Number of protein chains: 2
Amino acid sequence: MANRVGVSPRTVSRVVNDEGGFSEATRTRVLEAVEDLGYQPNMLARGLITRRSGTVGLVGVDMTDPFFPAMAEGIQNEARETGRTMFFASNDGDPQRQAEVFRSLLSHAVDGVIVFPAPGTVEQLAAYARGGMPLVIVDDIVEFPNLASVSFDLEDGANQAARHLLATGRSRIGMISSEVTVPRNRRRERGFFQAFENAPTGTAPPELVRVQPTVTGGSNGLQRLLERRSDLDGIFAFNDSMAVGAMREAQSAGYRVPDDLAIVGCNDIEMSGLVSPRLTTIRLDRPRLSAEAIRVLHYLIEAPGSNPAPLVLPVQLVVREST
Amino acid sequence: MANRVGVSPRTVSRVVNDEGGFSEATRTRVLEAVEDLGYQPNMLARGLITRRSGTVGLVGVDMTDPFFPAMAEGIQNEARETGRTMFFASNDGDPQRQAEVFRSLLSHAVDGVIVFPAPGTVEQLAAYARGGMPLVIVDDIVEFPNLASVSFDLEDGANQAARHLLATGRSRIGMISSEVTVPRNRRRERGFFQAFENAPTGTAPPELVRVQPTVTGGSNGLQRLLERRSDLDGIFAFNDSMAVGAMREAQSAGYRVPDDLAIVGCNDIEMSGLVSPRLTTIRLDRPRLSAEAIRVLHYLIEAPGSNPAPLVLPVQLVVREST
DNA sequence: TTGACTTACGTCAACGTTGACGCCATCGTT
DNA sequence: AACGATGGCGTCAACGTTGACGTAAGTCAA
């Protein structure tokens, strides 16, 4: 490459990175050769010396979570604009596995990581941040140097859902929550219960079950709620998959949705608009979340050691047919 | 690291890679220090000299395609076992964008790439393979040195779907196909038409429309088919999203599914079991596909220049409620 | 005792790039 | 004419690792 143009590698580097310190004629000749040979600078060599590999990591809990690919799409688009490529991995909700994933990312010298944390790993993640790695935690609220967090205001979302059920005349309401214990779950439950603090008189105390956050879990959850109290008329589910499971269970048990039983989901995955009746749910602006996540990550990469305030994005109740 | 143990870096390298040529005592002391310091070999430096970066690329058309994350999951698990980390990118179905993605992956010296090709890019991909990059093309059938291809036998799938409709007494059948033109689409259409070659007498000639491969596209497609022929009694859709769209359209036009109109989808995404009636569809064994893709990729990496035969996986008709 | 062989290291160079610095020609100023 | 400043390069070393090779001490057989 260099000797083909008759200049030193250093000059090629200068031209490619547009550092200045070369003549117009040299620039033209180098760029021609770059074009001809399809030359691409070797990011490994560059990263070795600049300590910037031009990569970011995205670590999720489970790639098949419908939540995830939308994030990846947004993050990739943003990352591409700053010339970074994206590593992709899942931690399976397991701290051990998450540690392995981070070791691997560290050895590849990623410039930063966006992570949906495995349960109970905030300490572990803080340690990586302390070690100098820019880190963005999604879906949790954490304050720590060199670390940012972005999340949705699901406490408010749950609150909106419950208030909506109450406002549309439901008075015997249950919540199907997730038994996977991370702090944000509790926030959703708290927002839900809070809505009952000034509920209309005659409103029954709300019921709660915790099950696996899957379609089948949703079915089981509704079953268990109905065993406790068969005259329930409103359900808030922890996510849309569970809401769909609950809906199917309700329908096959002979309840009409929404006439006998109103159901509100949470997440607005594409599916929720396709089942019948279409699911009333909490919409999350995921493109916004991914944009904010990568934006704050780039900020952390540029300004190491800073400590941005946690970002909590608003959510919106979308009323469709199931309530 | 090296000087802390009092040995040379070369010896550390020997121990870490278990090359032999060190005493048991040295091994112990080095591994202790590795543990203490949380030492991780720098893959950039290693890759620079070994020409193996320990990464593979996964390039999809669109990350939000439900097809995709399942693949990513399988590929990641396999890749992890061989100590590789996964780059992740989408080409948006655009050859230009795909070329950019490949430039980026090349500059990061990936060991190989698994790609869902953008339409019409087989030549482009063959060029990368010729340039020495091990490549696996998913969902198409290609033969070329240094390149493998894995796909589902959707020709047979479409054929099974049509035969199923005929066998259950349907005689006026339409197919909603995709207007995005890649070779495999044509295969699906061919398999579909082939089923009519020895159809029962009294079977009407099959109808075909091509629309966008989305839920809305499916709706439009059914509309157009019914304009042509309002007494259709069987539909095969190019994928499940389109089938769901067609089903919604049929129901809102007053057709009962399956009584008036039987619908068969193709893909078996999770959603298809959740709509009502549950969709009869062609099931694809995606975990198997991803396992085969990464297996053959590792083979290509180990045996550069070889030319494995295209792999075509069987598919299975799953009869549920929509037929 | 000698020489061949083995074990357990160390040394050196190289991978492709960039940071730091040096050098020469040219130019403008006095 | 002398001098400093500037533009346009090249040179050297370093990033952390590994391939190739060297070497000193120990082992073994003749």
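Values in this document were obtained by computation on a predicted structure and should not be read as measured data.
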- Task: Write down the distance between CG (B:Leu48) and C1' (C:dC15), rounded to a whole number of angstrom.
- Result: 4 Å

- Message: Mind checking if B:Val7 touches a base, just sugar-phosphate, or nothing, with heavy atoms under 4.0 Å?
- Response: sugar-phosphate

- Message: According to side-chain hydrogen bond (donor to acceptor under 3.5 Å, both in side chains), who are the partners of A:Arg80, at least two apart in sequence or on a separate chain?
- Response: A:Asn77

- Phosphate oxygens OP1/OP2 of C:dC9: is one of them under 4.0 Å from a side-chain N or O of B:Ser23? yes

- Message: Is a donor from one side chain sitting under 3.5 angstrom from an acceptor on the other, for B:Ser290 and B:Glu73?
- Response: no

- Message: For the residue pair B:Thr82 / B:His298, report whether a side-chain donor-acceptor contact shorter than 3.5 Å exists.
- Response: yes

- Task: Could you tell me the separation between the NE2 atom of A:His108 and the P atom of D:dG16, rounded to a whole number of Å?
- Result: 17 Å

- Task: Kindly state each residue pair satisfying salt bridge (Lys or Arg N to Asp or Glu O under 4.0 Å) with at least one member in residues 105-133 of chain A, sequence neighbours excluded.
- Result: A:Arg84-A:Asp111

- Message: Both A:Thr26 and B:Leu44 contact DNA chain D. Which one's nearest nucleotide lies toward the 5' end?
- Response: A:Thr26

- Query: CZ of A:Arg46 versus P of C:dG19: gap in Å, rounded?
  - Reply: 10 Å

- Task: Map B:Ala25 and A:Thr50 onto DNA chain C by nearest heavy atom, then report which one ends up closer to the 5' terminus.
- Result: B:Ala25

- Task: May I have the distance from A:Ile49 (atom CD1) to D:dA14 (atom P), rounded to whole angstrom?
- Result: 10 Å

- Report yes or no: is there a donor-acceptor pair, N or O only, under 3.5 Å between the side chain of A:Arg14 and the base of D:dG10? yes

- Using a heavy-atom cut-off of under 4.0 Å over every strand shown, decide if B:Ser8 touches base, sugar-phosphate, or nothing. base

- Item | Separation of atom CD in B:Glu24 from atom P in C:dC9, rounded to whole Å | 11 Å

- Note on the structure: Between CZ of A:Phe22 and P of C:dT18 the distance, given in whole Å, is 13 Å

- A:Gln40 CD to C:dT17 C1', straight-line distance once rounded to whole Å: 14 Å

- Query: Below 4.0 angstrom from OP1 or OP2 of C:dC15, is there any side-chain N or O of A:Asn42?
  - Reply: no

- Round to the nearest Å and state the distance from A:Arg51 atom CZ to D:dA14 atom C1'. 10 Å

- Message: On the side chain of B:Arg10, is there an atom forming a donor-acceptor pair with the base of D:dG16 - under 3.5 Å, no angle test?
- Response: no

- Within the 6.0 Å centroid threshold, strictly below: B:Phe87 and A:Phe87: yes

- A:Thr11 side chain N/O closer than 4.0 Å to the phosphate oxygens (OP1, OP2) of D:dG10? yes

